[in-house]
Structures are given as structure tokens and as C-alpha cells.
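These figures come from a predicted structure and were not determined experimentally.
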Amino acid sequence: MNERKTGIARLLEIAGTKKGLLFASGLLALIHALLSLVPYVLVFYIIRELTMKTVDFELIRAYIIKAVIAAVVSMLVLFLSGVLSHIAAFNILFELRRYITDKVGKMPMGYLTNRNSGALKKILSDDVERIENFIAHQIPDFVKGVTLPLITIIYLFSQDWRLAAISFMPLLVLAVLIPRMYGGKNREQIQNYHQSLEDMNAGIVEYVRAMPVMKIFGQSAETFEKYGNAVKRFNGFVADWVKISTPGFAIFMSFTSNAMLPVLALGLHLYFQNGVTLATLLLFLILGTGYIKPLFVLSNMGMQLSIINRGVEQIDSLLHQEDLPESTTPQNPESFGIRFNDVSFAYQGQNRVLHNVSFEIPEKTITALVGPSGAGKSTIGQLLSRFWDVSEGSISIGGKDIRDYPPGQLMQMVSFVFQDSFMFRQTLYENIRMGMDKTREEVENAAKAAQIHDLIISLPRGYDTFFGQSGVHLSGGEQQRFQLARAILKDAPILILDEATAFADPENEYRIQRAFSELIKDKTVLIIAHRLSTITEADTILLFDHGQLSAQGKHHPLLQNSPLYERMWNAHIRAKEFVIS
């Protein structure tokens, strides 16, 4: 089995067809490094010529012209290197995001709904952006930072090995310090640093979402335990990292900042001993210390590389998640009846929430799922929509296992109206159409059936109003009606309603109930209910308790035969009759 690549090797593997652009960019950066030395060398020749007894001004003029040409060409080559690296970076960024998007589309929906949104945001946005920045800027800088000092040192050794050896000391210091600063035990510390950064990002997202509740109870960021602890951990890791890296970095800065002193001291000694010429001394004072500037890039690149390595690991952790198995052969269902056969399920192999559940839902009937919180009702709906695959048993529609349907065909057969609604920052028209191949008339008819048309046309721009702009926001109940409009427009034969009136006020609930009557016509309906009064007329009520089917039947027989259902009903009635006295 081939070992999975990591870090820069994996990044180059991801680059794919853009490796050629990266190679060309690196080659041009190398040419730039060579050409950037030419003016300095020519200045050395000019000074040497000027110190001669007989000065050849024509030769000096030729040196000056060549130096100017080399400087101009060097800048042009560097510009082209940057252009190619940016083209490669943006193409890789596009391909990587498309690759991740395709991957997310093949993963179980439950993986995304149960994943921390802050961590996902960091992978999809921050990590990918850092990779783009690294490819666009750091790779050419890396080539230049490695080749320019080496070429310079080689040339200096060809002029005078004694001064070259003194000039070489900062390079040796860097070669010793970098592995110590970013390898060994410090590697684990860097990993902890990145993990704490991800935790802090997740805590920030959660804190922002919880801000209204925090304000109500007069809480501050310091009292929001998860956010506060995440910030403190991140602060601690940053402080530890500074303590670890400061001694080595201080030594490096000391050598590089004062690199001219030993060169100057030895150079003057040799000059007065007639060991070197004035031109050679000036050459080493310029190049012997000037080559150090690119080393600063390398000294800062260690942390950049660790960040990129971590980002690549996180992206790969997403890309190597197991795909939801997909069939490519369309099926012909006998009907749109539903059957659960000995279904058991545990999220990610742990915490089993359903135990050997079996039941049938005939076509074009209304079935309600009820039970205490955590009984497995919503899980039933998610499994039917294949947000997850069952751990054991099978689910079939029309006599065919849902795993045998291509995902697109299954999604055409099932509509899901979630308890939590979501609106996109686009026009209200597009919020209903959702990319479906429907006419404007069909969209408006769906809005009318969902009891939302009158609200839309009351807005200044009607259906072309952008949600979230110019103060256009909707209440929870109004957003629920948009969800219903989408479901009506989709017109799927199977409909799953996850307590669609949970956040509606009485007026909106009345309108939503009216929309239901239009939505459920001639459909197989599964209602996940918390308000028992809304499902008393259902054809069948399935009562779940602790992940098992406890009882089933119509409302009145269940009241007589199921103590649990009777307790739930009485609690519901008492809640409705509750008044403040």
C-alpha cells in the first residue's frame, strides 16, 4: 500500500497539471537570482578597473550598460515568475475548492450537519486561502531565498576563501537553528498551536451565534466558558511558542544584523596586509552581507510551512472521508410506500440511537412520528433522506432499497421541510426556485399555495427583492412558508415534515396549516411532530421511545392502550391550557 503524501509533497500532488507553471515560475526565480548578482559583480569589475594605473573607460561604459540590462531583465523575469505563480495559485485554488465541493456532495449529509461549522469554515476558506498565498508568493521567494545565497557564497569563495568563510557563518547558523525551531519536540507544540487556533475559530462562531442570549442574561465574552477557554488556550500556546522560538531567533538576528562587522574586521586586516584589493573588500562588504536579506524570508518560512502542512492535513482529512455509496442505475419503484426493516443506526459507529425498528407507511397516507426528546424521530427522517446510511437493516421505497436509487433520483422523490429554515442571500424568487427548472408562473403559484405570495408582492421589488439587503428580513414563520413553497414547487411524491410550525406565531401557524393542505395532496407524508394536537387526524401514529418503536395506531386507540402516549397527550393539553394567574 502506498504511503499517503503529506505537506509540500501532497501540495504539489494536488497541483496536478499546474506543476508545469510552478516549475516555470521557480526556474524564472532562479534566473532572477542569477541576474540580480550580475550588477554587483560588474560594479566589482568597475571598481577594480578604476584602481588600475591605466583606466579603460570604454570597458567601464560596457560594464555599466551590461549592469543596467541585467537589472532590467532581472526585474522582468521576477515579474514573469510572479505572474506564473499567481496563475498557478488561482487555478489550484479553483480546482481545490471544486474538488472539495464535489467531495462534500458525495459525503453523508449528516457528517456536515454534525461537524463544527467553525472547523469547516477554516478548512474551506482559511486553509485553502493560505495555500493560494503560499503558492503565489512563498514558492518564488523560497527558490530565490535558497539559490541566491548559495550562488553568492560559491562566487565569493572563488574570490577569497577567507572572507567567504566569515560571510558563510549566518548561513550555517540558520541551517542549525531551523530544524531545532520547527522539528522534534517543537513539532508537537506547533500541532497543538494549530488545534487551539481551530478551537478558537469554532468558539468565535458559536459565541457570535449565542450573542443575543448572552446579552439577555448580561453575560460577557469572559463568562462564555467555551469561547473564553479557547482564547486562553490559544494565548497560552502563542506564549509558549514565543518562549521556544525567541532564543534561536535572537541568535539568528544577532548574527545577521551584525554580519558586516566580522567581514569588515577581517577585510581591513587583509587589506592593510595587502592580502586583498580594495575592490575585493568592497565586494565582500556588499555581497558578503547583502546575500543575507533573502535568508530572512527562509527564517520566517518555517512557520509558514507548518501552517501549510497543517492546512493540507485538514483538507486531506475531509477529502479522505468515506463517500456515500452511490448507484448509477435508475430504479422503477412500484409505488411510493415506505418500509423500514429491522433498522438499527449509530452515529459514526457510536451512540446507537435506533434499535431494530420495523414499520410500513402505505403510499399516499399521513404518518406521524412522536415520542420523547432523543427517541430517534428526526433520525428516522434523516435516514429516509439518506443523510446517513443505516448501520443494520434496510429502508425501501416502492419495494427498492433506497441505496439502489441514484442520489439524484432519490432526491427527486423526497422533499424535506426542516425545523430550522434557511434563506440564501439572493432574490426571493431564487430562494423559492432553488435552481429547479421551473417557470416564474410555477414559482408564484407555489408561493400562493404556501401563503407567502401576498407578503412578497407587498415589498417594493416583489419577487426580485434580495433577502438580507435594505433591511429585508423575515420572521421564523415567514421563512418556514418559503420552505413550504420550495417543497410545493418540487412536488416530490414523498414529504417529510420536521415540526415545520415549531417557531411560528399563531397567525403564521394558521397560514402554514393552510399551506399544508395544499402540500400533502396525494403524497406519502411523514410528520415528525412535537405538538400532538397537529397530528390527531393522521392515518397512523408511530410512538418511539429510547430508539425503539413503542406503539403504533390512530390517536384514540393509542390514548387507551399506550401509557406513554397518554402521558404525552395530557402534558400537551396542560401546556395549552396553562395561564398566568
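- Under the 4.5 Å side-chain criterion, counting only non-hydrogen atoms from C-beta, Trp388 is not in contact with Thr379.
- Rounding to the nearest 0.5 angstrom, the gap separating the CZ atom in Phe44 from the CG atom in Leu283 is 5.5 Å.
- Rounding to the nearest 0.5 angstrom, the gap separating the CD1 atom in Ile60 from the CG atom in Leu42 is 12.0 Å.
- The CG atom of Leu50 sits 7.0 Å away from atom CZ of Phe57, with the distance rounded to the nearest 0.5 Å.
- Taking every heavy atom of both residues into account, Ala33 and Thr147 meet most closely at CB-OG1, 3.6 Å.
- Residues that satisfy the side-chain hydrogen bond (donor to acceptor under 3.5 Å, both in side chains) test with Arg461, not counting sequence neighbours, are absent from this structure.
- Interatomic distance, Thr152 OG1 to Ile286 CD1, rounded to the nearest 0.5 Å: 12.5 Å.
- Under the ring-ring contact (aromatic ring centres under 6.0 Å, His included) criterion, Tyr463 pairs with His453, not counting sequence neighbours.
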Query raised in the report: When you look at Leu30 and Leu148, which way does the side chain to side chain contact (heavy atoms under 4.5 Å, CB included) test go after all the steps?
Result: CA-CA 8 Å; Leu30 173 60; Leu148 184 57; over 6 Å; no

Enumerate, atom names and distances included, each donor-acceptor pair closer than 3.5 Å involving a side-chain atom of residues 261-269, sequence neighbours excluded.
none

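- Looking only at distances, no side-chain donor or acceptor of Ser385 sits under 3.5 Å from a matching main-chain atom of Gln382.
- The shortest non-hydrogen separation linking Phe424 to Arg486 is CD1-NH2, 4.3 Å.
- Side-chain contact check for Ile46 versus Leu59: every heavy-atom pair is 4.5 Å or farther apart.
- Residue Met75 qualifies as open at atom CE: its count of foreign heavy atoms under 6.0 Å is 12 or below.
- Scanning for side-chain hydrogen bond (donor to acceptor under 3.5 Å, both in side chains) contacts around Thr280 gives Thr277, with sequence neighbours left out.
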Report task. Give the intermediate values and the outcome of side chain to side chain contact (heavy atoms under 4.5 Å, CB included) for residues Phe482 and Ile432. Result -> CA-CA 6 Å; Phe482 270 87; Ile432 296 175; 3.6 Å; yes

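- Residues Val143 and Gly26 approach most closely at CG1-O, 3.3 Å, considering heavy atoms.
- The salt bridge (Lys or Arg N to Asp or Glu O under 4.0 Å) pairs that include a residue from residues 35-45 number zero, where partners must be two or more places apart or lie in different chains.
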Kindly list each side-chain donor-acceptor pair under 3.5 angstrom involving residues 157-170, sequence neighbours excluded, with atom names and distances?
from	atom 1	to	atom 2	distance (Å)
Ser158	OG	Tyr155	O	2.3
Asp160	OD1	Arg162	N	3.0
Asp160	OD1	Arg162	NE	3.4
Asp160	OD1	Leu163	N	3.1
Asp160	OD2	Arg162	NH2	2.8
Arg162	NH2	Gly275	O	3.4
Ser167	OG	Leu163	O	2.9

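- Of all the heavy atoms in Val77 and Leu28, the pair that sits closest is CG1-O, 2.9 Å.
- Residues satisfying the side-chain hydrogen bond (donor to acceptor under 3.5 Å, both in side chains) criterion with Ser81, sequence neighbours excluded, are Ser25.
- In this structure, Thr465 and Thr427 have side chains that are not in contact, with every pair of non-hydrogen atoms separated by 4.5 Å or more.
- The six-membered or imidazole ring of Phe387 lies near that of Phe416, with a centre-to-centre distance under 6.0 Å.
- With sequence neighbours excluded, no residue forms a salt bridge (Lys or Arg N to Asp or Glu O under 4.0 Å) with Glu49.
- Between Leu35 and Leu78 there is no side-chain heavy-atom pair separated by less than 4.5 Å.
- To the nearest 0.5 Å, atoms OG (Ser36) and CD1 (Ile31) are separated by 12.0 Å.
- Legend: side chain to side chain donor-acceptor pair (under 3.5 Å) pairs involving residues 55-68, not counting sequence neighbours, sorted by first then second residue: Glu58-Arg61.
- Note that CG of Asn431 and CD of Gln483 are 10.5 Å apart. Values are rounded to the nearest 0.5 Å.
- In this view, Tyr429 satisfies the ring-ring contact (aromatic ring centres under 6.0 Å, His included) rule with no residue, not counting sequence neighbours.
- Closest of all the heavy-atom pairs between Val390 and Phe345 is CA-CD1, 4.2 Å.
- Nearest heavy atoms, Tyr271 versus Leu278: CE1-N, 3.6 Å.
- Screening residues 272-282 for salt bridge (Lys or Arg N to Asp or Glu O under 4.0 Å) gives no qualifying pairs among residues at least two apart or on separate chains.
- For Ser74, the side-chain hydrogen bond (donor to acceptor under 3.5 Å, both in side chains) partners are His32, not counting sequence neighbours.
- Counting heavy atoms from C-beta outward, Gln479 and Phe467 have side chains that approach closer than 4.5 Å.
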